[in-house]
Every structure is written in C-alpha cells, then in structure tokens.
J.: 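Structure incoming, see below.
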Amino acid sequence: MIVLKFGGTSVGSSSAIRRVGSIIQERLERQPFVVVSAVGGVTDRLFELRDLCLEKQAWEDSFASLCGIHRTILEELELDVQLVDELLEELKGLLGELAAAGECTPRALDHLVSFGERMSSRLVAGHLQTLGIESCAVDAFDAGLVTDGRFQRARPLDDVNSRIQEACRSLTGVVVATGYIARDEEGNITTLGRGGSDYTASIFGAALGSEEIQIWTDVDGVMTADPRIVENARPLATLSFEEAAELAFYGARVIHPATMIPAVDQNIPIRVLNTHRPDFPGTLILADLAEDACGVKSITSKSHVSVVNVVAPRMLDQYGFLSRVADVFSRFEVVVDIIATSEVSIAFTTQGGGQLDSAIDGLKEFCRVDVYHDREQISVVGEDIRDRIGFASEVFDVLGELKVNVELISFGATRINLSFLVGEGQAADVVRGLHKRLFES
Ligand code: ADP
Ligand code: ASP
Ligand code: MG
C-alpha cells in the first residue's frame with residue numbers, strides 16, 4: 001500500500017479535488033491510504049475566528065464565509081450540500097462558547113482548528129464515492145492516532161503503530177484520514193503543529209507498512225530554494241532523510257520537519273509530488289544517496305528569529321554554566337537552534353515556541369541576558385558541504401557583495417549545514433544572491 005497526502009491547495013477547490021480524485025483513481029492497485037489537509041486557507045481562518053472571539057468582535061460573518069467555502073465545493077462536486085452541516089453546527093456552538101467566555105485555552109484551540117481537516121476529509125471521500133470508489137472519511141483519532149496531551153505540538157505515543165494497526169483493521173475501501181489532528185488518552189483533540197499533515201502521513205505510512213509516502217503539493221518537489229523567493233529555483237531529484245529534515249527545520253515549508261522521523265525508523269522513501277503535474281517524478285527522499293548526488297542542495301530562510309545572548313558573571317573557568325542554561329531552555333520547552341560561544345557569553349537563536357519569556361526570566365536569575373528579536377536566519381544545506389574547500393568563502397563573498405552583515409554563524413556542527421543570521425528584511429536578497437552564485441553560474 002501507499003500513503004498519499006494532499007495539502008491545502010491540493011484540496012482547495014472543487015477542481016483541485018477532482019484532480020485529487022483522478023490521482024487516487026489511477027493508483028488504486030497500490031491500495032492508497034489518503035491523508036488530507038484542511039481546504040486551503042481554512043486553518044488560517046479558524047485561527048482568525050479564535051482571535052475574533054478573544055477580542056469580543058463579531059465572528060458570524062467570517063463563520064458564514066467558512067460555511068460558504070465548503071458548501072460551494074460540495075455543490076460544484078454535486079455532493080449533498082448538507083454533508084458537513086453537523087460539523088459546522090458543532091463549530092458554531094464552540095465559537096459561541098469561546099466568544100461568550102472571551103478566552104480560548106490551548107485545548108479549546110485544538111478543538112477549534114480540528115474542524116478544517118474533519119470537513120475536507122468528508123469532501124474528498126464523498127467525491128471518491130461519486131467516482132464509484134469505495135471510500136470512507138475517518139478522523140485520525142478514530143484510526144488510532146493517539147498523542148500526548150501537548151496541545152498545538154502533540155507527539156504520537158510510543159505504541160501508536162499498534163493502535164493504528166488495530167483501529168485500521170476494520171476499515172475498508174480507500175480511507176481518507178484527517179491530517180494534522182489527533183487525540184490524547186483523555187479524549188481531547190490535539191494537533192501536531194502547523195503544517196502537521198505531512199507528519200500524519202508518515203505516522204500512518206510507518207504504522208501500516210507503506211511502500212512509499214507521497215506528499216502531494218503545489219510545487220514540483222523540494223526545490224533549490226522557495227520558488228516564491230527565487231524565480232529560477234528548480235526541483236531536486238533526490239535528497240537524503242537528513243538533508244530533508246535539516247531543510248524542513250530551517251524553513252523549507254514544503255515538508256514538516258517531523259515527517260522524516262517515522263519514515264527513517266522504517267526506511268520508507270518519501271516522495272514530494274505536484275498535484276498539477278502528476279507525471280513529474282518530483283523529489284525522492286531516502287536514506288542514502290549516491291556519491292554524485294552530494295553537494296549543495298538548497299537554500300532556506302526563516303524570519304522572526306530571536307537571539308538570546310547570555311553573559312555569565314564570570315565565565316572564565318566556569319564549568320556547569322552551559323548545562324544550567326540548557327536546563328532552563330528545556331524546562332520551558334524552548335527549541336534552541338544555532339549556538340555560539342565566546343569566553344564570556346553564549347548566544348542562542350530560537351524561533352520562540354515554548355515559553356521564551358519565562359525562560360529568559362529564568363536565565364536572568366543567574367546571568368545577564370540580552371534579547372534581539374526579528375532576525376532572519378539563512379541555511380545552505382547539502383551532504384558533505386562542510387568538506388568542500390572554498391564553499392564557505394563563496395558564501396561569504398556573496399554576502400560581502402550584498403554588503404550584508406552577518407550576526408551569527410554555525411558551520412561544521414553537521415556535514416550538511418551552514419547557517420547564519422542577518423538583519424530584518426535582508427534574507428530574501430541574500431537567498432537570491434546565493435542561489436545565483438551556487439546554482440545559476
Ligand atoms: P501544502 O499545502 O501542500 O502542505 P505548503 O504550502 O505547506 O503546501 O508547502 C508548499 C510550499 O512550500 C510551496 O508553495 C513553496 O512556496 C514553499 N517552499 C518553501 N521552501 C521550499 C523549497 N525548498 N522547495 C519547494 N517549496 C518550498
Ligand atoms: N491545515 C493545517 C495547517 O494549515 C495542517 C496542514 O496543512 O498540514 O497548518
Ligand atoms: Mg504543508
């Protein structure tokens with residue numbers, strides 16, 4: 001069997017869902033298990049509805065347009081327009097409660113945003129049925145996807161594979177499961193974090209012994225840079241799991257960073273494909289690459305990066321200081337990214353997450369802390385770049401030409417990543433400049 005995951009734009013309209021229908025139909029002999037994201041833009045809208053409720057503003061119009069989006073698709077697909085009415089009613093009730101309370105707990109937020117995928121899965125399964133394909137929409141939590149209770153960033157329980165195998169045994173036909181959402185052991189709805197449907201696909205792929213996990217999206221695969229930033233970006237034929245994980249973690253939105261974890265465990269290849277060009281081979285992500293597939297692969301960037309500069313009162317000869325700092329970050333679940341040290345200070349970058357402000361307060365108890373926000377981080381990723389003579393100088397040459405000041409650098413910690421920090425608003429130009437030098441000359 002294979003797992004096919006379709007992202008928001010791939011299920012974003014009736015014509016997109018028809019395309020998805022034919023992609024599935026052409027692969028029926030491979031026993032597809034389908035995972036879908038919410039209709040494009042719907043998750044963002046659900047977050048906006050949360051904000052409206054918190055600000056005690058009217059949410060009814062925005063809710064009505066959400067209903068309209070789904071009903072239009074149902075009509076155009078000639079499905080029962082009331083197919084998701086029960087879910088819309090439940091959503092409306094929840095919004096009413098949130099607005100009345102003027103608050104939304106992390107638990108309520110995951111319940112709220114779960115409606116996107118719960119509705120899209122019904123649209124896609126409904127369409128497959130009209131094509132004469134036996135199909136059922138299943139909420140991932142009813143298919144065994146049980147996580148810990150960390151709302152907005154839940155992770156599957158250790159025994160998730162057997163739970164999924166058990167729950168899926170009785171399902172017949174093409175299953176269309178919800179991406180992104182799950183449930184904890186108490187029965188609360190959880191989510192895997194934004195963009196988490198890719199991760200859902202690989203969790204199911206690993207549990208069900210998929211021969212390949214296919215991530216269907218709106219571009220030709222993982223590319224040399226984000227095509228929205230670099231016009232001449234081109235798709236990559238292959239990537240290693242490690243390269244893909246680094247690219248994803250360092251900002252390439254095309255695949256969720258955790259997607260590689262279950263796939264690596266079972267050594268299942270992942271393929272990133274374009275719904276608009278189903279015959280294009282896309283990018284194949286696997287464990288080991290041929291030697292000639294090494295070298296610079298892609299340039300990514302992310303913004304809103306914070307730098308936390310920690311100055312020890314007396315760093316000289318101090319041991320145990322780094323571990324005290326690391327302990328604070330781990331206590332407040334702050335994901336640390338680049339680390340650089342000098343004799344008297346340590347600088348960390350982070351995109352926040354966890355409770356950064358509380359962590360900073362914790363650090364201030366034993367050292368001086370300076371924080372700078374809104375930096376932009378750029379990463380160049382590729383197997384063995386660390387060992388390429390002249391590679392780093394080429395990168396810094398480009399920065400010099402662009403007259404961009406580098407604030408922090410990390411190189412050599414892995415064989416495959418060079419990362420550095422620049423000021424706000426500079427990343428796009430640097431990515432374009434580097435792309436020109438590394439891929440277009
Ligand atoms: P989906 O809704 O299918 O999950 P996403 O919007 O999450 O799609 O991811 C696809 C987008 O990722 C592309 O449209 C592209 O703009 C962006 N992207 C960022 N970096 C890369 C990259 N290196 N290669 C391909 N796409 C990238
Ligand atoms: N719908 C969710 C989001 O927009 C999950 C996903 O698309 O993967 O983040
Ligand atoms: Mg995505």
Side-chain angles (χ1 to χ4, degrees), residues 3 5 33 35-38 43 46-47 50 94 98 103-118 121 138-169 175 177-210 213 215 241 245 248-249 255-266 268 270 326-337 350-359 362:
V3 172
K5 177 263 170 175
F33 181 102
V35 172
V36 290
S37 293
T43 308
L46 289 164
F47 274 93
R50 184 266 318 251
L94 177 64
L98 297 177
E103 72 164 351
C104 181
T105 60
R107 172 167 166 265
L109 178 59
D110 276 355
H111 184 190
L112 174 63
V113 298
S114 73
F115 287 93
E117 272 71 10
R118 288 157 78 194
S121 55
V138 178
D139 294 325
F141 41 76
D142 290 331
L145 183 41
V146 182
T147 62
D148 57 29
R150 299 192 310 158
F151 301 109
Q152 283 91 66
R153 57 206 151 96
R155 289 294 174 259
L157 298 184
D158 289 342
D159 63 351
V160 75
N161 285 359
S162 54
R163 287 178 191 253
I164 288 175
Q165 287 153 9
E166 177 63 34
C168 288
R169 202 162 289 150
V175 174
T178 54
Y180 184 45
I181 68 171
R183 198 165 250 179
D184 68 12
E185 284 191 290
E186 271 87 63
N188 302 304
I189 292 181
T190 57
T191 62
L192 305 175
R194 294 302 308 266
S197 302
D198 302 328
Y199 187 24
T200 307
S202 77
I203 293 169
F204 278 109
L208 298 172
S210 180
I213 296 158
I215 306 294
F241 283 133
F249 181 74
I255 190 160
H256 186 279
T259 312
M260 271 54 72
I261 300 168
V264 169
D265 275 354
Q266 315 264 335
I268 303 172
I270 300 174
D327 177 58
V328 172
F329 280 123
S330 106
R331 205 154 16 104
F332 294 103
E333 300 193 345
V334 173
V335 179
V336 169
D337 200 332
T350 174
Q351 266 207 315
Q355 308 156 56
L356 182 58
D357 292 336
S358 311

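Everything numeric in this text was worked out from a predicted model, so none of it was measured.
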J.: Measure from the side-chain N and O atoms of Gln165 to the backbone N and O of Ala207, and report whether any donor-acceptor pair falls under 3.5 Å.
T.: yes

J.: Taking salt bridge (charged side-chain N to carboxylate O under 4.0 Å, His left out) as the test, write out the residues that go with Asp139, two or more places apart.
T.: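 Once residues adjacent in sequence are excluded, the partners of Asp139 under the salt bridge (charged side-chain N to carboxylate O under 4.0 Å, His left out) criterion are Arg122.
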
J.: Find the distance between CG (Leu109) and CZ (Arg50) and round it off to the nearest 0.5 Å.
T.: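 Output value for this atom pair is 5.0 Å.
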
J.: Hey, is the main chain of Ala154 close enough, under 3.5 Å, to the side chain of Thr147 for a donor-acceptor pair?
T.: no

J.: Identify the heavy atoms of His256 and Arg194 that sit nearest to each other, and give their distance.
T.: CD2-O, 3.4 Å

J.: So, the side chain of Thr178 versus the backbone of Arg118: is there a donor-acceptor pair under 3.5 Å, distance only?
T.: no

J.: Do Glu117 side-chain atoms and Ser37 backbone N/O form a donor-acceptor pair below 3.5 Å?
T.: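 The answer is no, because no donor-acceptor pair under 3.5 Å joins these two groups.
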
J.: Considering all heavy atoms of both residues, which atom of Phe204 and which atom of Cys168 are nearest to each other, and what is their separation?
T.: CE2-SG, 4.4 Å

J.: Looking at OG1 of Thr105 and CZ of Phe151, how far apart are the two atoms once the value is rounded to the nearest 0.5 Å?
T.: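 It is 7.0 Å, given to the nearest 0.5 Å.
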
J.: Please identify which of these residues, Asp265, Ile213, Ile255, Asp198, meets the side-chain contact (heavy atoms from CB on, under 4.5 Å) condition with Met260.
T.: Ile255

J.: In Å and rounded to the nearest 0.5 Å, what is the NZ to CD1 distance from Lys5 to Ile270?
T.: 11.5 Å

J.: Mind checking whether Thr350 and Asp337 have side chains closer than 4.5 Å, heavy atoms only?
T.: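 No. Closest side-chain heavy atoms not under 4.5 Å.
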
J.: Where do Pro257 and Ala248 come nearest, in terms of heavy atoms and distance?
T.: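 That closest heavy-atom pairing would be CA-CB, 3.5 Å.
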
J.: Who are the ring pair (Phe, Tyr, Trp, His ring centres under 6.0 Å) partners of Tyr180, not counting sequence neighbours?
T.: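 For Tyr180 there are no ring pair (Phe, Tyr, Trp, His ring centres under 6.0 Å) partners, ignoring immediate neighbours.
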
J.: Could you work out, with side chain to side chain donor-acceptor pair (under 3.5 Å) as the rule, every residue matching Asp159, not counting sequence neighbours?
T.: Arg163

J.: Go through the steps to decide whether Asn161 and Gln266 satisfy the test side chain to side chain contact (heavy atoms under 4.5 Å, CB included), and finish with yes or no.
T.: CA-CA 11 Å; Asn161 285 359; Gln266 315 264 335; 3.7 Å; yes

J.: In Å and rounded to the nearest 0.5 Å, what is the CG to CG distance from Leu157 to Asp148?
T.: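 Answer for the CG-CG pair, Leu157 versus Asp148, is 6.5 Å.
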
J.: Could you check whether any side-chain N or O of Glu166 sits under 3.5 Å from a backbone N or O of Gly144, counting only pairs where one atom can act as donor and the other as acceptor?
T.: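 Side chain of Glu166 to backbone of Gly144: no pair is present.
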
J.: Sub-3.5 Å donor-acceptor pair from the side chain of Ser121 to the main-chain atoms of Ala177, do we have one?
T.: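 Checked: no pair found.
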
J.: Find the distance between CG (Asp110) and CZ (Arg150) and round it off to the nearest 0.5 Å.
T.: 12.0 Å

J.: With rounding to the nearest 0.5 Å, note down the distance linking CG in Leu208 to CZ in Arg169.
T.: 10.5 Å

J.: Using a 4.5 Å cut-off on heavy atoms from C-beta on, say whether the side chain of Gln351 contacts that of Phe249.
T.: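 No, every pair of side-chain atoms sits at 4.5 Å or beyond.
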
J.: Please report the closest heavy-atom contact between Gly205 and Val3, naming both atoms and the distance.
T.: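 For Gly205 and Val3, the tightest heavy-atom pair comes out as CA-CG2, 3.5 Å.
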
J.: Minimum heavy-atom separation for Asn188 to Arg107, with atom names?
T.: OD1-NE, 2.7 Å

J.: Which heavy atom in Ala182 sits nearest to a heavy atom in Leu145, and how many Å separate them?
T.: CB-O, 3.4 Å

